[in-house]
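The first residue in the sequence is number 1, and the count goes up from there.
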Amino acid sequence: MNVDGFDPSQKMILTAKKNSRNFNVSPNFYNIGITEIGEDFHDKYDLIVSLGNAMANIPPVDLKNGIRDIKRCLKQNGRIIIQLLNYENILAREERIVNITKGEKQTHIRFYDIYPTEIKFNILSFHNDDPRDRKLISTNIYPHTPAFFEESLKETGIKNVKFYGDLKLNPYKKESSPNLVIITD
C-alpha cells in the first residue's frame with residue numbers, strides 16, 4: 001500500500017513518524033488539515049480513513065467543505081471510513097465525567113462542558129500531594145451526528161452511506177453504541 005497521512009498538528013505528524021518507524025512502515029506525511037488538501041491529491045485514493053474521533057475537532061461548516069475535498073481525493077470507486085464517538089448518546093445521557101484516572105503521583109479527570117452547538121472536552125490534571133498544583137486543558141469538539149454525515153456525503157454525490165456502532169460493524173444504536181462508524185461504497 002501507498003499511504004499518506006494528514007494532520008494540521010506538527011506534533012501529531014512527529015508522533016506519527018515515530019510510530020511508523022516503530023512499525024517499519026514509511027507513509028508520506030503532510031502537515032495540513034482537511035480543508036487545505038489541494039488538487040495534487042484529487043483522484044488519488046482508493047480509501048480515505050479517519051479514526052480516533054478526529055472529525056469531531058472540526059466545526060460543521062469546515063467539515064462540510066472538508067468532506068467535499070475528501071470526495072475529490074477519491075478515485076472513481078473509492079471508499080471512506082470515518083470513526084468518532086457517538087455524540088447522540090453522549091448528549092442524551094448528559095454525563096459530564098468521562099473518566100477519572102488516579103496514578104501514583106497524578107490524577108486526571110476527563111470531563112465535558114456541554115453547550116447547544118459544541119462540547120468542550122477538558123482534562124484536569126493535578127498532583128495527588130497538592131491538588132492546587134493543577135493544569136486544565138480544554139478543546140472544543142463538535143457533536144456530529146449520522147444525519148449530518150449523511151447530508152454532507154450526499155451533497156457530494158455519495159449516496160450509499162452505512163452507519164455502524166463500532167469498528168466490528170455492529171449496528172448503530174444512538175442510545176447505546178460507543179462509536180459512530182461511517183462507511184461509504
Side-chain angles (χ1 to χ4, degrees), residues 3-27 29-35 48-60 62-63 66-67 80-149 163-183:
V3 177
D4 293 337
F6 297 85
D7 201 291
S9 166
Q10 182 62 34
K11 283 178 100 174
M12 292 303 288
I13 293 290
L14 293 173
T15 299
K17 285 180 178 179
K18 179 182 174 189
N19 288 338
S20 67
R21 285 189 297 272
N22 290 343
F23 288 99
N24 200 27
V25 295
S26 52
F29 292 106
Y30 300 92
N31 187 204
I32 55 178
I34 190 171
T35 58
I48 295 177
V49 178
S50 175
L51 302 175
N53 210 42
M55 296 279 183
N57 293 298
I58 305 170
D62 293 338
L63 185 52
I67 288 171
I80 301 170
I81 300 173
I82 299 169
Q83 177 268 328
L84 64 158
L85 294 175
N86 175 3
Y87 287 104
E88 288 184 311
N89 184 12
I90 291 168
L91 292 172
R93 286 191 345 247
E94 293 184 355
E95 191 172 318
R96 294 190 60 214
I97 302 295
V98 176
N99 65 27
I100 301 171
T101 308
K102 186 171 183 173
E104 195 173 301
K105 295 182 180 183
Q106 281 199 317
T107 297
H108 305 281
I109 303 172
R110 291 168 179 79
F111 65 98
Y112 296 123
D113 292 324
I114 300 173
Y115 302 100
T117 59
E118 66 187 37
I119 297 172
K120 190 171 293 273
F121 175 65
N122 306 284
I123 302 173
L124 174 63
S125 300
F126 57 88
H127 290 277
N128 295 336
D129 294 339
D130 183 6
R132 293 172 297 169
D133 185 6
R134 62 186 176 268
K135 181 179 181 182
L136 177 66
I137 300 170
S138 299
T139 187
N140 291 340
I141 53 177
Y142 303 90
H144 304 305
T145 63
F148 170 83
F149 280 104
F163 299 99
Y164 299 96
D166 55 36
L167 292 170
K168 293 180 181 177
L169 306 184
N170 287 308
Y172 176 76
K173 296 177 184 170
K174 74 178 190 176
E175 61 282 340
S176 61
S177 294
N179 293 293
L180 169 61
V181 176
I182 303 130
I183 299 179

| request: Scan residues 89-125 for pairs that pass ring pair (Phe, Tyr, Trp, His ring centres under 6.0 Å), counting only residues two or more places apart or in two chains. | output: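 Every pair satisfying ring pair (Phe, Tyr, Trp, His ring centres under 6.0 Å) with a residue in residues 89-125: Y112-F121.
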
Do the non-hydrogen side-chain atoms of [X] and [Y] ever get within less than 4.5 Å of each other?
X	Y	result
L91	I114	yes
L136	I123	no
I119	N140	no
K120	T139	no

Roughly how far, to the nearest 0.5 Å, is [atom2] of [Y] from [atom1] of [X]?
X	Y	atom1	atom2	answer
I67	I48	CD1	CD1	11.0 Å
N179	N53	CG	CG	8.0 Å
I183	F163	CD1	CZ	11.0 Å
M55	L84	CE	CG	8.5 Å
I80	I182	CD1	CD1	9.5 Å
D133	Q106	CG	CD	8.0 Å

| request: Might you work through the side chain to side chain contact (heavy atoms under 4.5 Å, CB included) test for D4 and F29, ending with a clear yes or no? | output: CA-CA 6 Å; D4 293 337; F29 292 106; over 6 Å; no

| said: Between N57 and I141, is the side chain to side chain contact (heavy atoms under 4.5 Å, CB included) condition met? List the steps. | reply: CA-CA 5 Å; N57 293 298; I141 53 177; 3.6 Å; yes

| request: Decide side chain to side chain contact (heavy atoms under 4.5 Å, CB included) for Y172 and N86; before the verdict, give the C-alpha distance in whole Å, the side-chain angles of both, and the deciding distance to 0.1 Å. | output: CA-CA 9 Å; Y172 176 76; N86 175 3; 2.8 Å; yes

| query | Salt bridge check: are R132 and D130 linked by an N-O gap of less than 4.0 Å? | reply | yes

| T101, L124, N128 screened by side-chain contact (heavy atoms from CB on, under 4.5 Å) with T107, the one that passes | N128

Any chance [atom1] of [X] has more than 12 other-residue heavy atoms, nucleotides or ligands included, within less than 6.0 Å?
X	atom1	value
K135	NZ	no
E175	CD	yes
D129	CG	no

Indicate the atoms forming the closest heavy-atom contact of [X] with [Y], along with that distance.
X	Y	value
P27	S20	CD-CB, 3.7 Å
Y30	I13	O-CD1, 3.5 Å
N31	S9	ND2-C, 3.5 Å
Q83	G52	OE1-N, 2.6 Å

| task | Given side chain to side chain contact (heavy atoms under 4.5 Å, CB included), test L180 with F149 step by step and report yes or no. | result | CA-CA 10 Å; L180 169 61; F149 280 104; 4.2 Å; yes

| task | Please name all residues satisfying side chain to side chain contact (heavy atoms under 4.5 Å, CB included) with D62, sequence neighbours left out, ordered by chain then number. | result | T35, I58, P59

| said: Could you work out, with salt bridge (charged side-chain N to carboxylate O under 4.0 Å, His left out) as the rule, every residue matching E118, not counting sequence neighbours? | reply: none

